[in-house]
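After the structure tokens below, expect a handful of questions from me.
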Amino acid sequence: MDNRPNPEDLLRRVQADERRESRGRLKVFLGYASRVGKSYRMFDEGRRRKQRGQDVVVGAVQGVVTPDIQEILSCLDVIPTLAEKHGGKDYRVIDLSALFRRHPGVCLIDGLAYFNPPGSRNPERWQDVEELLDRGISVITAVNVQHIREIQDQVEKITGRRPADSVPEEFLLEAEEIEVVDAPPDALIDRTDGVAPDSRRLAELRELALLLAADVVDRQLQDYLDSHGIAARWGTQERILVCLTPRSNAVDMLKSGLRNKLRFHGALLVAYVEQPGLGPEDKANLESHLAMARAMEAEIHCLQGDDFVTTIVEFAHEQRITQLFLGHSSRPKAFQLMRTPIDRLIDAAEDFDIRLFPHPEAK
Amino acid sequence: MTEVRRGRLKIYLGYAAGVGKTYRMLDEAQALKQQGVDLVIGYFEPHGRQDTIAKTEGLEFIPRRTLAYGGSQFQEMDTEAILRRKPAVALVDEFAHTNVPGCERVKRWQDVQVLLNAGIDVLTTMNVQHLESLNDQVWHVTGVRVRETVPDWVVDEADEVVLVDLTPNALRNRLERGVVYGTDKAKRAMENFFVETNLTALREMAMRHTAHEVEEKLSPASATWAETAAALAAGEGSLEETAPAGRQERILICLTGSPSSAMLIRRGKRVADYLQADCLAIHVARNGEELENVERHMSFARNLRIGTHIAEGEDVPGVIAEFARTQRITQIFMGRSTPLPWWKLFRETIVQQVVRHAHDVQITIVADRRRPA
């Protein structure tokens with residue numbers, strides 16, 4: 001559970017760097033509905049790159065070709081997709097061997113989430129794109145948030161439908177660049193003559209796309225900071241750390257932590273510092289609070305350290321925590337001669353807010 | 001007098017100069033004009049960018065007004081001329097701009113309010129770093145203290161916020177090619193504000209903020225408290241009379257005359273906005289205390305639509321705790337007390353005393369967040 005220096009992350013980064021040397025660059029245009037303008041933006045960028053002297057080729061055109069896209073296509077080289085029939089269904093498959101032979105600098109691939117027919121070289125189109133990248137061909141592509149595999153549950157809740165074709169989120173996270181194509185839903189409804197889903201659903205999908213892109217960008221930022229040895233303390237995302245102690249009001253803290261996480265679209269972490277010699281009642285309390293934290297899908301960390309305050313403060317800095325939730329372990333006394341751990345924590349915390357929760361007895 | 005329909009406000013939100021906000025706005029203007037909409041350019045900042053200037057072709061400009069100040073000539077938007085012309089839609093570039101002294105209003109966003117009140121729809125542009133609530137965070141991340149800010153409620157009231165996105169890589173390419181600034185200025189910009197970490201962090205903020213605006217429009221917080229605060233700011237009624245009942249969370253910010261109070265106000269208000277909580281501020285004045293700095297913070301708070309209250313008393317923690325109880329406060333925001341010198345270690349700081357007095361309320365101690373050198 002303790003994933004502090006995280007060697008896996010380091011390894012991933014080194015490997016990614018090595019691959020990046022010889023690999024093509026991937027750029028993804030992310031939209032939240034069809035016809036929001038993703039494809040246009042992608043082809044338009046291809047045209048501008050060609051004007052600047054890059055060798056640009058179109059590898060896949062998807063869906064309805066609007067007149068403005070048609071105009072761009074007429075000034076670009078197109079390697080047509082291959083038509084295939086399978087089980088009575090028509091498929092369009094990227095002509096990989098033709099693309100390998102032609103070996104352009106940049107290849108434009110629309111409809112990233114497309115599933116190839118059974119028996120194809122790769123089951124899914126994003127895997128075709130991987131092959132292009134591996135051979136040093138840069139790819140610009142476009143995808144709709146509804147097709148990102150990991151968030152399709154959320155999409156289904158919003159739209160009641162689950163598109164069959166999908167792309168794993170990990171593929172997006174590996175892209176060098178991701179760009180959001182944002183437009184207000186009302187413009188979209190006009191453009192599609194009222195056949196689009198209602199504006200509320202569109203707004204929810206739009207929010208999903210924006211938050212997904214923010215997460216991708218956050219990871220890029222973190223990778224950049226880590227690889228340059230920069231320790232940034234105040235991130236752009238709210239990160240909440242709930243400190244569990246056996247006798248604090250953990251239930252209120254966890255509930256409030258979850259609410260804050262959801263409202264800020266931030267991260268919820270839960271930590272406790274291991275203490276020897278806990279009594280059976282304290283142990284049972286801690287266990288039930290951890291179970292609650294797990295049910296909330298919080299990131300749980302068990303910390304080891306001689307001094308509670310130093311351990312927590314170090315961990316909070318490492319994790320770029322913005323708010324630390326802490327409970328009184330007893331009802332505050334009328335007068336205290338000794339400085340409590342809470343006092344020391346307040347003094348030591350320069351970069352994050354501390355929220356103190358009342359002891360249950362105080363209510 | 002007939003009630004005028006308030007104009008609709010649409011903001012193109014970006015994260016840096018050169019991402020294409022003005023271009024997108026003009027793109028929409030051209031589309032509207034083709035649909036026959038009566039549209040004018042109220043203010044346009046070309047920055048010498050040829051592709052953007054080309055987009056204004058065929059659009060009607062309202063001439064700017066020229067004002068003299070400090071021996072120089074300044075050009076500002078001519079709000080009165082736009083009102084006289086009364087178009088259906090006005091384009092107003094650079095929403096966060098501060099007018100030169102001598103204008104009727106201090107800020108351009110206030111000029112825009114006048115246009116909206118007259119029933120004119122407005123399209124405008126701004127960068128995320130101009131949002132008041134992000135001011136400290138932006139400073140912390142970039143080292144730049146943005147002076148031209150827009151209160152969050154102004155942006156929250158917009159009918160539509162659209163993200164204008166461009167990858168930092170593409171933006172830096174544009175800079176290198178001299179599209180955004182001249183090459184000398186571009187070189188300096190690249191070395192300073194336009195470093196990759198700054199751009200990436202600001203871009204993430206822009207994405208998160210646009211998502212927040214989308215979410216707010218899906219489930220808007222009840223406007224009760226905002227209205228109450230506005231009434232209080234206008235001097236109508238006391239806090240006790242106007243406090244609305246039955247809201248879930250209520251946040252109280254404890255202000256002092258210290259400069260760090262501005263950061264405390266921004267942080268408290270941001271948390272309140274995200275939690276859809278009411279937000280109040282209090283200062284407890286000791287006998288004969290100089291209130292000039294406090295008044296400045298209070299007026300800043302009221303501009304952000306926070307209800308303010310100055311109480312008197314020597315027992316500061318006691319007054320705060322009592323006020324929190326009568327106002328049904330759920331969370332108190334305080335700055336860190338200056339650590340006491342060693343010979344006073346057995347005395348309690350104000351924070352410690354409030355913790356002891358108001359032990360049934362959540363208390364948030366806001367960090368100083370000094371920038372790492």
Side-chain angles (χ1 to χ4, degrees), chain A residues 27 176-184 186-187 200 203-204 206-207 210-211 213-214 217-218 220-221 224-225 228 230-238 256 259-260 263-265 323 328 331-337 339 342-343 346-347 349-359 362-363, chain B residues 10 28 136-137 140-141 159-170 177 196-197 200-208 210-212 214-215 217-218 267 271 274-276 331 333 336-337 339 345-346 348-349 351-352 355-356 358-372:
Chain A
K27 178 164 184 174
E176 276 78 11
E177 295 183 68
I178 180 167
E179 196 165 309
V180 176
V181 184
D182 190 33
D186 52 340
R200 186 181 174 86
E204 287 175 11
R206 186 178 167 207
E207 192 190 357
L210 288 163
L211 290 172
V217 169
D218 193 63
Q220 287 172 348
L221 179 62
Y224 184 91
L225 293 174
H228 289 71
I230 306 167
R233 283 193 169 172
W234 198 357
T236 49
Q237 192 192 14
E238 286 293 333
S256 177
R259 181 166 146 77
N260 275 266
R263 291 295 306 162
F264 280 101
H265 296 286
Q323 304 181 42
H328 288 289
R331 204 169 187 280
K333 295 181 185 64
F335 183 80
Q336 243 161 354
L337 194 62
R339 284 154 50 74
I342 288 177
D343 299 336
I346 291 172
D347 284 351
E350 285 185 3
D351 298 301
F352 49 86
D353 303 341
I354 294 182
R355 194 187 299 184
L356 290 174
F357 281 70
H359 190 258
K363 291 209 152 175
Chain B
K10 182 168 182 174
E28 167 141 7
D136 301 304
Q137 205 171 343
H140 202 267
V141 170
D159 298 273
E160 201 60 68
V161 177
V162 184
L163 177 73
V164 182
D165 192 28
L166 186 74
T167 67
N169 191 36
R177 294 199 310 273
E196 183 157 349
T197 46
T200 309
L202 291 170
R203 181 173 177 228
E204 189 185 337
M205 287 180 208
M207 287 171 170
R208 290 196 188 281
T210 311
H212 175 67
V214 172
E215 186 167 322
K217 277 159 193 63
L218 282 168
R267 181 67 179 160
V271 172
Y274 270 79
L275 297 181
Q276 299 185 328
Q331 200 182 148
F333 267 71
R336 291 206 309 170
S337 302
L345 268 185
F346 53 88
E348 288 181 306
T349 62
V351 168
Q352 285 169 306
V355 168
R356 190 156 47 78
H359 48 68
D360 51 351
V361 180
Q362 294 173 21
I363 297 175
T364 298
I365 298 112
V366 173
D368 297 344
R369 296 194 166 92
R370 279 189 282 265
R371 241 182 87 75

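Numbers restart at 1 for each chain; the letters A, B, ... are given by sequence-line order, proteins then strands. All values derive from a computational prediction rather than experimental measurement.
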Legend entry - Proximal component of A203(A), with respect to chain B [non-hydrogen, under 4.5 Å]: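 Both backbone and side chain.
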Inset, instruction - Could you tell me which portion of V271(B) (side chain, backbone, both or neither) has an atom closer than 4.5 angstrom to a non-hydrogen atom of chain A? - result: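 V271(B) touches chain A through backbone and side-chain heavy atoms alike.
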Legend entry - Side-chain touch R208(B)/L210(A), heavy atoms, less than 4.5 angstrom: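 When only atoms from C-beta onward are counted, L210(A) and R208(B) do not touch, as no gap falls below 4.5 Å.
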Inset, instruction - Just give me the residue among N169(B), V361(B), T210(B) that pairs up with chain A most often, heavy atom to heavy atom, under 4.5 Å. - result: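 Among the listed options, the one with the most contacts to chain A is N169(B).
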Legend entry - Heavy-atom donor-acceptor pair, R263(A) side chain to Q276(B) backbone, under 3.5 Å: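 No, because the side chain of R263(A) does not come within donor-acceptor range (under 3.5 Å) of the backbone of Q276(B).
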Inset, instruction - Please report the closest heavy-atom contact between V217(A) and E204(B), naming both atoms and the distance. - result: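 Shortest heavy-atom contact: CG1-CB, 3.8 Å.
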Inset, instruction - I would like to know whether T167(B) and E176(A) meet side-chain contact (heavy atoms from CB on, under 4.5 Å); could you show each step before the answer? - result: CA-CA 10 Å; T167(B) 67; E176(A) 276 78 11; over 6 Å; no
Legend entry - Side-chain heavy-atom pair R203(B), L221(A) within 4.5 angstrom cut-off: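 Not touching, per the 4.5 Å side-chain cut-off.
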Inset, instruction - Check H265(A), E204(A), R206(A) against E215(B) for a side chain to side chain contact (heavy atoms under 4.5 Å, CB included) and give me the one that passes. - result: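 Checked H265(A), E204(A), R206(A) against E215(B); only one passes side chain to side chain contact (heavy atoms under 4.5 Å, CB included): H265(A).
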Inset, instruction - Between chain B and each of F352(A), F264(A), F357(A), count heavy-atom pairs under 4.5 Å; write down the option with the most. - result: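 Sorted descending by pairs with chain B, the first entry is F264(A).
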Inset, instruction - Look only at the side chain of R355(A) and the backbone of Q331(B), and say whether a donor-acceptor pair between them is shorter than 3.5 Å. - result: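 Pair absent, no side-chain N/O of R355(A) close to backbone of Q331(B).
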Inset, instruction - Heavy atoms only, distances under 4.5 angstrom: which of I365(B), V366(B), T200(B) has the most pairs with chain A? Name it, please. - result: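 Going by pairs under 4.5 Å, I would pick I365(B).
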